[in-house]
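Given the structure is predicted, the values throughout are model-derived calculations rather than measurements. Per chain, numbering begins at 1; letters A, B, ... match sequence-line order.
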Number of protein chains: 2
Amino acid sequence: MITLAAAQLFREKGFPSTGMRDLAGEVGVEAASLYNHIRSKAELLQEICFRVANDFNAQLMEVEASENLTGLEKLEAIVRFHIQMWINRLDEVMVTNNESKYLEEPYNGTFLNERRVYVRRLEQVIEDGMRKGNIKKVQPYAVVLTLMSAVRGIEFWHRTKKNISAEELEENMVLHLVKGLKK
Amino acid sequence: MITLAAAQLFREKGFPSTGMRDLAGEVGVEAASLYNHIRSKAELLQEICFRVANDFNAQLMEVEASENLTGLEKLEAIVRFHIQMWINRLDEVMVTNNESKYLEEPYNGTFLNERRVYVRRLEQVIEDGMRKGNIKKVQPYAVVLTLMSAVRGIEFWHRTKKNISAEELEENMVLHLVKGLKK
DNA sequence: GTCTATATAAGGATAGAC
DNA sequence: GTCTATCCTTATATAGAC
């Protein structure tokens with residue numbers, strides 16, 4: 001898959017520094033041949049960013065619909081999903097986080113808007129949990145900022161994976177980030 | 001200061017996409033004139049990254065030497081410093097976090113090594129706090145990853161600053177990230 | 001110090017043969 | 001589909017006049 005090879009290169013070298021010749025070498029063809037499969041370099045970035053965004057949105061929608069879960073349980077499900085995305089799909093998720101600023105308009109604007117909406121929906125989960133029950137009194141906006149960024153540290157775990165297993169990492173992060181919010 | 005103008009542009013546009021003509025425009029001269037003040041574009045990135053790294057190292061050394069502080073108090077002092085750096089020196093700190101991969105060798109290797117040493121020293125603070133007293137049993141490595149990344153969310157707070165003040169943001173993050181570790 | 005002009009390299013993308 | 005050759009733009013950095 002060209003898109004996944006692109007995600008790996010965009011992560012490692014950055015989007016502007018990744019040449020079509022680099023990507024072609026990874027895929028095993030000449031640069032010109034890539035254009036039989038893709039329209040442009042910019043399109044590859046769009047596909048990566050919006051696919052990841054869609055996956056996050058779909059999971060959040062699922063959680064919002066789970067009426068049997070408490071607020072804290074919803075938050076835990078969301079945080080676990082973020083952690084697993086960073087563990088299992090690092091290339092795509094890092095490109096979405098670090099390279100989306102290179103999206104051309106109107107895609108960059110759309111992307112930022114989608115992110116704002118996502119943040120607001122996550123704040124809503126926290127507010128509901130605070131009102132109805134088991135989440136302690138905090139500023140939802142500050143908590144969302146913290147949660148969504150904290151998982152970015154998993155980037156460095158990937159470089160060795162020696163200090164701790166994926167499962168231990170997830171449990172430690174959940175304990176630190178979510179259980180600390182229990183009333 | 002050319003270095004600070006560079007930090008702002010490197011943050012906004014990314015290091016590879018920032019042209020010397022962009023920087024010259026920001027400074028108010030032609031691109032060629034910049035070379036009477038700096039040696040190269042690469043040198044600007046080095047200055048930014050290592051100055052920030054030095055500031056973090058200096059603060060950590062200070063905290064390590066404070067024998068009157070408990071482990072948890074040391075950790076809180078470190079986390080507050082990170083938060084304040086992200087609030088007050090966003091351009092430089094973001095370039096150090098996001099653009100350091102564009103450092104040429106041997107600078108990139110040196111930088112990554114310094115980071116590893118910093119992480120290990122922070123783990124040591126947590127281990128000491130766990131053994132001697134008031135930090136709950138956790139995996140120090142996971143906690144350090146989480147703490148150092150969580151503050152990156154402040155990037156998004158800067159875009160509006162309307163939801164919450166700098167002081168509230170700091171207190172909420174400390175409450176979430178540090179107090180949750182109290183035994 | 002400043003500038004204009006330019007050397008040299010590399011980028012994304014296309015043309016057209018097969 | 002693949003390739004070679006190339007167009008055109010832009011990049012960092014330097015030369016040399018003032």
Grab the [atom1]-[atom2] distance between [X] and [N] for me, whole Å please.
X: A:His37; N: C:dG12; atom1: NE2; atom2: C1'; answer: 17 Å
X: A:Leu23; N: C:dA13; atom1: CG; atom2: P; answer: 11 Å
X: A:Glu30; N: D:dT4; atom1: CD; atom2: C1'; answer: 8 Å
X: A:Leu34; N: C:dG11; atom1: CG; atom2: C1'; answer: 14 Å

Exercise for review: Report, as a single string ordered 5' to 3', how protein heavy atoms within less than 4.0 Å touch nucleotides 10-18 of chain D: B base, S sugar-phosphate only, - not at all.
Suggested key: --BBBB---
Exercise for review: Take A:Asp128 and A:Arg131 through the side-chain contact (heavy atoms from CB on, under 4.5 Å) test and state the conclusion after the steps.
Suggested key: CA-CA 5 Å; A:Asp128 285 356; A:Arg131 242 201 332 275; 3.0 Å; yes
Check your understanding: Should the heavy atoms of other residues, nucleotides or ligands under 6.0 Å from CD of B:Glu104 be counted, would the total exceed 12?
Key -> no
Exercise for review: Answer yes or no: are there more than 12 heavy-atom neighbours, outside A:Glu168 itself, under 6.0 Å from its atom CD?
Suggested key: yes
Review point. Are side-chain heavy atoms of A:Asp55 and A:Arg89 found at a separation under 4.5 Å?
Key: yes
Review point. Checking A:Lys101 against A:Phe111: charged group under 6.0 Å from the ring centre and within 45 degrees of the axis?
Key: no
Check your understanding: At their closest point, which heavy atom of A:Lys136 faces which heavy atom of A:Met130, and how far apart are they?
Key -> O-CG, 3.5 Å
